[in-house]
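For reference, the structure is listed below as structure tokens.
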There are 2 protein chains.
Amino acid sequence: MELNVIDAVKSSAQPMDAQAQVFKILTHPVRIAILNLLRDGEHCVCHLEAFLGFRQAYISQQLAVLREAGLIQDRRDGWNIYYRVVNPQIYAVLDAAHQLTGESAAGTAQLEAACPCPHCSPKE
Amino acid sequence: MELNVIDAVKSSAQPMDAQAQVFKILTHPVRIAILNLLRDGEHCVCHLEAFLGFRQAYISQQLAVLREAGLIQDRRDGWNIYYRVVNPQIYAVLDAAHQLTGESAAGTAQLEAACPCPHCSPKE
DNA sequence: CAATCACATTCAATTCCATGAATATGATTA
DNA sequence: TAATCATATTCATGGAATTGAATGTGATTG
């Protein structure tokens, strides 16, 4: 059991429940921020933690929601776990809402904090 | 006070809160269904009631949520109150989510029930 | 295999949302 | 102005989402 959102509603439920479920996942600024950070490809959790400035466990909780919804996937590489968006169409949803609310920037003004992962610290 | 969603978050809040608020409104199959019914222009409440098959008070509750969020507006004409979508860009959000979830129809398979409003019963 | 690292999960408390039931409102007609 | 119509609101309750705190897991290194 524990189907992801998209698969779950494809069969038995009402048509608009699938949309509603997706929106439910997006009803959270941190989750939106995570998805925005993943626009340029995969990132490890320490990245997200550093850029968003929240506790690790909290980030992990939100990642779990996105993961169980089937919106992101994880991949382990040594010590780090890298997350990536499964279906880029999710950004069409985010962008449409962004246009509707008429905001200025795409909302990715990060902290540019230091990250200890091998992609950050070692060479460059 | 009681600002609508779009106005409320434009000033003081975080960027992605505005998007999150919009998504929160859409986290409800009945509200999505109402918006879909309003795709072809305004409808009176009795229409929505007849087409969706819910109690009047329930429809009215959901209309209130949409209205207070600034997504729809009402107009009185005699006995009936007609609702319309304020900004059609909301459909870009719905359609994007619809595409993401890969549904077949636009989810507007209504009941085609009878409605007592003057637009329905009197002449045609 | 013990220590350590990056990350995940569980638990509990609070707050928020959904919804049925009952009732209110405000325009309209007689 | 009283009755009636379409629609709105209030209230109460059960259930779900949020989040802090603590702890667990599994790969990696020595």
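Values below: every heavy atom of this structure, side chains too, minus hydrogens, waters and symmetry copies.
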Quiz item: What's the CD-P distance between B/Q21 and C/dC17, to the nearest Å?
Solution: 8 Å
Quiz item: Partners of B/Q56 by side chain to side chain donor-acceptor pair (under 3.5 Å), sequence neighbours excluded?
Solution: none
Quiz prompt | Phosphate OP1/OP2 of D/dT9: any B/R67 side-chain N/O under 4.0 Å | solution = yes
Quiz prompt | ring pair (Phe, Tyr, Trp, His ring centres under 6.0 Å): pairs with one or both residues in residues 52-71 of chain A, sequence neighbours excluded | solution = A/F54-A/Y58
Quiz item: Where each residue is assigned the nucleotide of DNA chain D containing its nearest heavy atom, which of B/D74 and A/Q62 is assigned the position nearer the 5′ end?
Solution: B/D74
Quiz item: Given A/V22 and A/I90, is the side chain to side chain contact (heavy atoms under 4.5 Å, CB included) satisfied, shown in steps?
Solution: CA-CA 9 Å; A/V22 169; A/I90 190 68; 4.2 Å; yes
Using a cut-off of under 3.5 Å, enumerate the N/O to N/O pairs linking the protein to nucleotides 10-16 of chain D.
from, atom 1, to, atom 2, distance (Å)
D/dT10, O4, B/Q61, NE2, 2.9

Quiz prompt | Nearest-Å distance for atom pair CZ/C1', residues B/F23 and D/dA17 | solution = 17 Å
Exercise. Return the value, rounded to whole Å, for the distance between atom NE2 of B/H47 and atom P of D/dA6.
Key: 13 Å
Self-check item: Spacing between B/I72 atom CD1 and D/dA8 atom P, to the nearest angstrom
Solution: 9 Å
Quiz item: What residues form a salt bridge (charged side-chain N to carboxylate O under 4.0 Å, His left out) with B/D95, not counting sequence neighbours?
Solution: B/R39
Self-check item: Rounded distance in Å - OH (B/Y82) to C1' (D/dA6)
Solution: 11 Å
Quiz prompt | From C/dG20, C/dA8, D/dA8, nucleotide with atom closest to B/R55 side chain | solution = C/dG20
Practice problem: Mark up nucleotides 24-30 of chain C, 5' to 3', with B wherever a protein heavy atom is under 4.0 angstrom from a base atom, S wherever such an atom reaches only the sugar-phosphate, and - elsewhere. | Solution: ---SS--
Quiz item: Between atom NE2 in B/H28 and atom P in C/dT19, what is the gap in whole Å?
Solution: 4 Å
Self-check item: side chain to side chain donor-acceptor pair (under 3.5 Å) against B/S60, all qualifying residues, sequence neighbours excluded
Solution: none
Quiz prompt | Spacing of CG belonging to B/N87 relative to CG belonging to B/L71, to within rounding of 0.5 Å | solution = 8.5 Å
Exercise. Give a yes/no answer on whether the side chain of B/Y58 brings an N or O atom under 4.0 Å of OP1 or OP2 in D/dT9.
Key: no
Quiz prompt | A/Y83 vs A/L66, side chain to side chain contact (heavy atoms under 4.5 Å, CB included): CA-CA, chis, key distance, verdict | solution = CA-CA 10 Å; A/Y83 278 95; A/L66 290 166; over 6 Å; no
Self-check item: B/I59 CD1 - C/dT19 P separation (whole Å)
Solution: 12 Å
Self-check item: Side-chain donor/acceptor contact of B/Q56 with base of D/dA6 under 3.5 Å
Solution: no
Quiz prompt | Heavy-atom pair with the smallest gap, counting every atom of B/L37 and B/D40 | solution = O-OD1, 2.9 Å
Quiz item: If every non-hydrogen atom of B/I25 is compared with every non-hydrogen atom of B/R31, which pair is closest and at what distance?
Solution: O-NE, 2.6 Å
Quiz prompt | Phosphate-side-chain proximity, A/Y83 and C/dA8, N/O vs OP1/OP2 below 4.0 Å | solution = yes
Self-check item: Shortest non-hydrogen contact between A/N80 and A/C44, atoms and distance
Solution: CB-CB, 4.0 Å
Self-check item: Between C1' of C/dA6 and CZ of A/F54, the distance in whole Å
Solution: 20 Å
Quiz item: C/dA18 phosphate, OP1 or OP2: any side-chain N/O from B/R31 under 4.0 angstrom?
Solution: yes
Practice problem: Check whether any side-chain nitrogen or oxygen of A/N80 sits under 4.0 Å from OP1 or OP2 of C/dC7, and answer yes or no. | Solution: yes
